[in-house]
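Everything below concerns the one structure shown next.
Just so you know, these numbers come straight off a predicted model, no measurement behind them.
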Amino acid sequence: MGKQRILSGVQPTGNLHLGNYLGAIRNWVEAQSQYENFFCVVDLHAITVPHNRATLAQDTYTIAALYLACGIDLDRATIFIQSHVRAHTELTWLLNCITPLNWLQDMIQFKEKAVRQGENVSAGLLDYPVLMAADILLYEADKVPVGEDQKQHLELTRDIAARFNHQFGNDDEPVLKVPEPLIRKEGARVMSLTDGTNKMSKSDPSDMSRINLLDPPDAIAKKIKRCKTDPIRGLWFDDPQRPECHNLLTLYALLSGKSREAVAKECKDMGWGQFKPLLTQATLEALKPIQEKYKEVMGDRAYLESVLREGREKAEAIANPTLNKVKAALGYSMPL
């Protein structure tokens, strides 16, 4: 038997931050030898909310370069841009037509974002989970790395696949593979530097809430120095009354490579004035090789384009047959 297939992606909206890296990409890198990996830049998802058309293409290349800079190995993984594989949009339409509207209206992220957007909320935002389902199902992924906030979307993907198989396939020959979630608990939710109860996010209006992978050292030091803390001396994990303390200790453990037990012992008697320089140093040391590799990749545009061209070809070789299988199950004629 061959390796199980993994599919995941990140939107090209702003710079990647520590939450993206520690909660997703570093996990991809550590586990990439175990799976057949497909990692895409999901630029179609990026326009479900207002976006900057002047920077979308450049931001897309930036994310692809950061995949490589963070350690994605092209001998073990395929990197491609979602919109370059047209099967994503075509399968989305086909799945739309068998997905009940109330399934989409029940999505928590849609409800939250729709409230913020008001009358400007788009049909694309409502339909976002069907596009995500198409992304996953096209590649017959066995497992999908997801954070806790994406579990509901993956469950919807599973429901759509099961519904399609029930209506247009049979138990012996399902049309679509039903994927399983791959969730890593540690580091799965990196919280904001300004509010330890909220997830670190690119959509937060304050840049001080996150450490971006490409932030210069002085910016990183400033953000950590000014991050929210409390007046209590002594630092420890898992205190619900001290969410910022737990978050910063978790960041230190993940970035330094030390165990929680070692960090707890090291920091139990510290004040914030002692701890923050340690976290700053660990962050700078962890991000330095990523930033150096990123500059190297972005400095060779021809190389990056060749990676994405080859990635598109490999992705299409799997996505197009899946799309044709779905169309055949629905009763479509095939192109002559």
Side-chain angles (χ1 to χ4, degrees), residues 1-12 16 19-45 60 63-85 87-88 91-92 95 128-162 174-190 254 290 307-308 310-323 325:
M1 293 182 63
K3 294 180 179 179
Q4 290 188 315
R5 186 175 294 155
I6 291 285
L7 184 283
S8 197
V10 173
Q11 289 190 38
L16 295 185
N20 303 130
Y21 176 58
L22 296 174
I25 297 175
R26 193 167 81 164
N27 299 339
W28 302 351
V29 172
E30 291 174 351
Q32 63 184 321
S33 63
Q34 302 173 36
Y35 302 102
E36 179 187 4
N37 306 281
F38 283 80
F39 299 125
C40 56
V41 184
V42 289
D43 53 342
L44 293 173
H45 288 288
T60 300
I63 300 301
L66 279 171
Y67 283 177
L68 293 167
C70 289
I72 297 299
D73 183 350
L74 294 176
D75 289 333
R76 296 183 170 94
T78 297
I79 297 173
F80 66 99
I81 295 174
Q82 180 192 30
S83 67
H84 291 185
V85 180
H88 287 259
L91 183 59
T92 299
L95 297 181
Y128 174 107
V130 182
L131 176 57
M132 180 175 173
D135 298 337
I136 296 165
L137 298 173
L138 274 174
Y139 299 94
E140 300 187 324
D142 297 286
K143 295 184 181 295
V144 182
V146 291
E148 291 293 330
D149 61 331
Q150 291 288 335
K151 284 178 67 177
Q152 189 186 32
H153 285 168
L154 184 57
E155 284 304 313
L156 179 71
T157 298
R158 289 166 53 83
D159 289 342
I160 290 173
V175 181
L176 295 169
K177 178 176 283 190
V178 180
E180 297 290 337
L182 181 63
I183 299 174
R184 176 175 171 170
K185 292 182 179 180
E186 185 179 18
R189 285 181 66 84
V190 175
L254 291 169
I290 293 174
V307 168
L308 295 174
E310 183 176 341
R312 173 182 57 78
E313 292 170 355
K314 289 181 177 179
E316 287 180 333
I318 296 173
N320 289 341
T322 303
L323 176 63
K325 185 166 58 171

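Here the straight-line distance linking atom NZ of Lys143 with atom CG of Leu182 works out to 6.0 Å at 0.5 Å rounding. In this structure, Cys40 SG and Tyr139 OH are separated by 7.0 Å, a value rounded to the nearest 0.5 Å. The CD1 atom of Ile160 lies 6.0 Å from the CG atom of Leu95; values are rounded to the nearest 0.5 Å. To the nearest 0.5 Å, atom CG of residue Asp135 and atom NE2 of residue His153 are 12.0 Å apart. With values rounded to the nearest 0.5 angstrom, Ile290 atom CD1 is found 8.0 Å from Leu66 atom CG. In this structure, CD1 in Ile6 is found 13.0 Å from OG1 in Thr78, a value given to the nearest 0.5 Å.
When the options Thr322, Leu7, Val178, Leu176 are evaluated for a side chain to side chain contact (heavy atoms under 4.5 Å, CB included) with Leu137, the one that passes is Leu176.
Between Phe80 and Phe38, the ring-plane angle classifies as perpendicular under the 30° and 60° cut-offs. Trp28 and Tyr67 have perpendicular rings, their planes meeting at more than 60° on a 0 to 90° scale where under 30° would count as parallel.
Inter-residue side-chain proximity for Gln32 and Val29 is flagged as met; some heavy-atom pair is nearer than 4.5 Å. Counting only heavy atoms from C-beta outward, the side chains of Thr157 and Pro179 approach each other to under 4.5 Å. Side-chain contact between Ile136 and Leu154: present, with at least one pair of heavy atoms (C-beta onward) separated by less than 4.5 Å.
Taking each heavy atom of Asn37 and Arg76 in turn, the nearest pair found is ND2-O, 2.9 Å. The minimum heavy-atom distance linking Gln11 with Val42 is given by the pair N-CG2, 3.5 Å. In this structure, Met132 and His45 approach most closely via the heavy-atom pair N-CE1, 3.5 Å. In terms of heavy-atom proximity, Val190 sits nearest to Gly19 at CB-CA, 3.7 Å. Shortest non-hydrogen contact noted between Ile25 and Cys70 is CG2-CB, 3.6 Å. Across Lys3 and Ser33, no two heavy atoms sit closer than the pair NZ-O, 2.7 Å.
Of the possible polar contacts, one joining the Lys325 side chain to the Val175 backbone as a donor-acceptor pair under 3.5 Å is found. Between the side chain of Glu30 and the main chain of Asn27, no donor-acceptor pair closer than 3.5 Å is present. Checking side-chain atoms of Glu140 against main-chain N and O of Lys177 turns up no donor-acceptor pair under 3.5 Å.
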Next on the checklist: Before you tell me yes or no, could you show the steps for Glu36 and Arg5 under salt bridge (charged side-chain N to carboxylate O under 4.0 Å, His left out), namely the whole-Å CA-CA distance, both residues' side-chain angles and the distance that decides it to 0.1 Å?
Outcome noted: CA-CA 5 Å; Glu36 179 187 4; Arg5 186 175 294 155; 3.3 Å; yes
Item to check | Intermediate values then yes/no, side chain to side chain contact (heavy atoms under 4.5 Å, CB included), Val10 and Val41 | outcome: CA-CA 5 Å; Val10 173; Val41 184; over 6 Å; no
Can you give each donor-acceptor pair under 3.5 Å made by side-chain atoms of residues 313-320, sequence neighbours left out, with the distance rounded to 0.1 Å?
residue: Lys314; atom: NZ; partner: Glu310; partner atom: OE2; Å: 3.2
residue: Glu316; atom: OE1; partner: Arg312; partner atom: NH1; Å: 3.2

